[in-house]
2 protein chains.
Amino acid sequence: MIDLCKFCQHKSKASEQLSDSELSAQSDNCAEYRFKKGDRIIRQGTLSSNVVFLREGLVKLHMTGPLHEQIIKLTNGPSYLGLPTTFGDKVNHYSVTAIEDSLVCFIDLNTFKTFIMNNPVFAFELFIELCINELNSYHRCVNRTQKQVSGSLAENLLFFADDIYHSDEFILPLSREELGNLIDASRESVSRTLNEFQNEGLIQIDSKKIILLDKKRLQLISQYG
Amino acid sequence: MIDLCKFCQHKSKASEQLSDSELSAQSDNCAEYRFKKGDRIIRQGTLSSNVVFLREGLVKLHMTGPLHEQIIKLTNGPSYLGLPTTFGDKVNHYSVTAIEDSLVCFIDLNTFKTFIMNNPVFAFELFIELCINELNSYHRCVNRTQKQVSGSLAENLLFFADDIYHSDEFILPLSREELGNLIDASRESVSRTLNEFQNEGLIQIDSKKIILLDKKRLQLISQYG
DNA sequence: ATAACTTTGTGATAGAAATCACAATTGAAT
DNA sequence: ATTCAATTGTGATTTCTATCACAAAGTTAT
């Protein structure tokens, strides 16, 4: 268990600022778990007692809204999960669920706090990360409220290809229902719109497998659709 | 100009953690401005070069979406404005406009950074504030995407009464159009829904003046409408 | 393999809200 | 006071999407 964190290949930008002794302290106060696709990592409504760091994998942050479930965002590792829900309140305001097999570290809250208090560069990096997250959350919200189904769908297909899988061909890790929760549409509308995209030659669908055929046009739809 | 900040009655929770010498340094590197209703305080797209602190007043954070303007949120003082846009990127991602006469302090960025680096309690307070902001932004987004016009409108009327004016009778500081930008509805829908509310005896409207008559029912509409 | 359950596709219908169009009101400027 | 511009109210129409209903296809378990 000695110095596991020191040699971790998936450090956050903040934890790259930790000293050897701090990393060693983190190793001693940290537990590693593997989650299978579908496993709940953080549960809305429960006490948040650890800092959660996603080393590898893909997860969804989601919360129950007034009418239905909503996926707030998707995050792939390496990245902290739920800093806001850990430090913003005692209780988790949202859930986190693996949508692909994921490797997660749970870091003791007090140890983490010590780093913030004693290592200003670490604290500053976290601070910056939170700022960027908040900006992104504003952008996501503006987009999801203003775009219609085809626009949001195109946007998210491009997001999967460009930011998650780095390939124009990928296995969609979400059901149609979940895709709907991500873009604020019903299961049926997602189905229909995906088929429209296929009929117009924008994409090719083979059940969960998606191939993006015309990214230029998808980009246009994402912007103005 | 000596120690203006020290005796400021509108300190942020974070700046209450600053030492006398730090407050004095802040006084020396800080400028105070008064903005009239309608004045732009931060302009989307320009360089963000100062930390902006709203001492008194009421402002809207807003950004241009793919289709129209959207009000991200309303903030009243005392509160930092645009920490995310100041530290998250060099360029402002959103605008801030006074919707009531406001008193604002511009704090030198480097001075502020020094505080973060040298005063961990200050940094931690800011960190917590950002976390809470992000949680709130998630909740606002879920609500505005899932509720329909009457629900969002009821929610925001209650927000004005309870959180901004602390009175069930207030002068609405936004035009119908702006209210629409806040709840993702058209100007016309806002007009119509306000009138419905009046016809059902929920509120009384006298042009900009609003009186909430039945908050219980407004709460129900806010939840399930 | 079969049964039971979940996910998905697709047509028909209904409903909420945008848009369009225009009148009325308010406010600002001269 | 008068003019011009901006804001607001209201009806008619259109559009998008949710919902409903049911069939088809996949998955999982026994």
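Note on naming: letters A, B, ... go to the chains in the order of the sequence lines (proteins, then strands), and numbering restarts at 1 for each one. Predicted model, so just to flag it, every value in this text is computed and none were measured.
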Nearest whole Å is fine: how far is [N] [atom2] from [X] [atom1]?
| X | N | atom1 | atom2 | answer |
| --- | --- | --- | --- | --- |
| B/L67 | D/dC16 | CG | P | 12 Å |
| A/I210 | C/dT8 | CD1 | P | 11 Å |
| B/L174 | D/dT8 | CG | C1' | 15 Å |
| A/L179 | D/dA18 | CG | C1' | 17 Å |
| A/R176 | C/dT7 | CZ | C1' | 9 Å |
| A/I183 | D/dC16 | CD1 | P | 15 Å |
| A/K209 | D/dG26 | NZ | P | 15 Å |

> Does anything in residues 195-208 of chain A reach DNA chain C, meaning a heavy atom under 4.0 Å, and if so which residues?
Replying inline: A/N195, A/K208
Identify all pairs in which a protein N or O lies below 3.5 Å from an N or O of nucleotides 14-18 of chain C, and state each distance.
unit_1 : atom_1 : unit_2 : atom_2 : d
C/dA17 : OP1    : B/V149 : N      : 2.7
C/dA18 : OP1    : B/S186 : N      : 3.2
C/dA18 : OP2    : B/S186 : N      : 3.3
C/dA18 : OP2    : B/S186 : OG     : 3.0
C/dA18 : OP2    : B/S189 : OG     : 2.3

>> Looking only at the aromatic ring of each residue, does the gap between the centers of A/F53 and A/Y80 stay below 6.0 angstrom?
In response: yes
> Between D/dG9, D/dT7, C/dG9, which one does the side chain of A/S191 approach most closely?
Replying inline: C/dG9
Ionic contact status for [Y] with [X], cut-off 4.0 Å:
| X | Y | value |
| --- | --- | --- |
| A/R55 | A/E32 | yes |
| A/R144 | A/D184 | yes |
| B/K215 | B/D168 | yes |
| B/K13 | B/E129 | no |

>> Ignoring hydrogens and geometry beyond distance, is a side-chain donor-acceptor pair present between B/H10 and B/E56 at under 3.5 Å?
In response: yes
> Taking atom types as modelled, is there a side-chain donor on B/S95 or B/R43 under 3.5 Å from an acceptor on the other?
Replying inline: no
> Among B/K208, B/R187, B/K60, which residue meets the salt bridge (Lys or Arg N to Asp or Glu O under 4.0 Å) test with B/E178?
Replying inline: B/K60
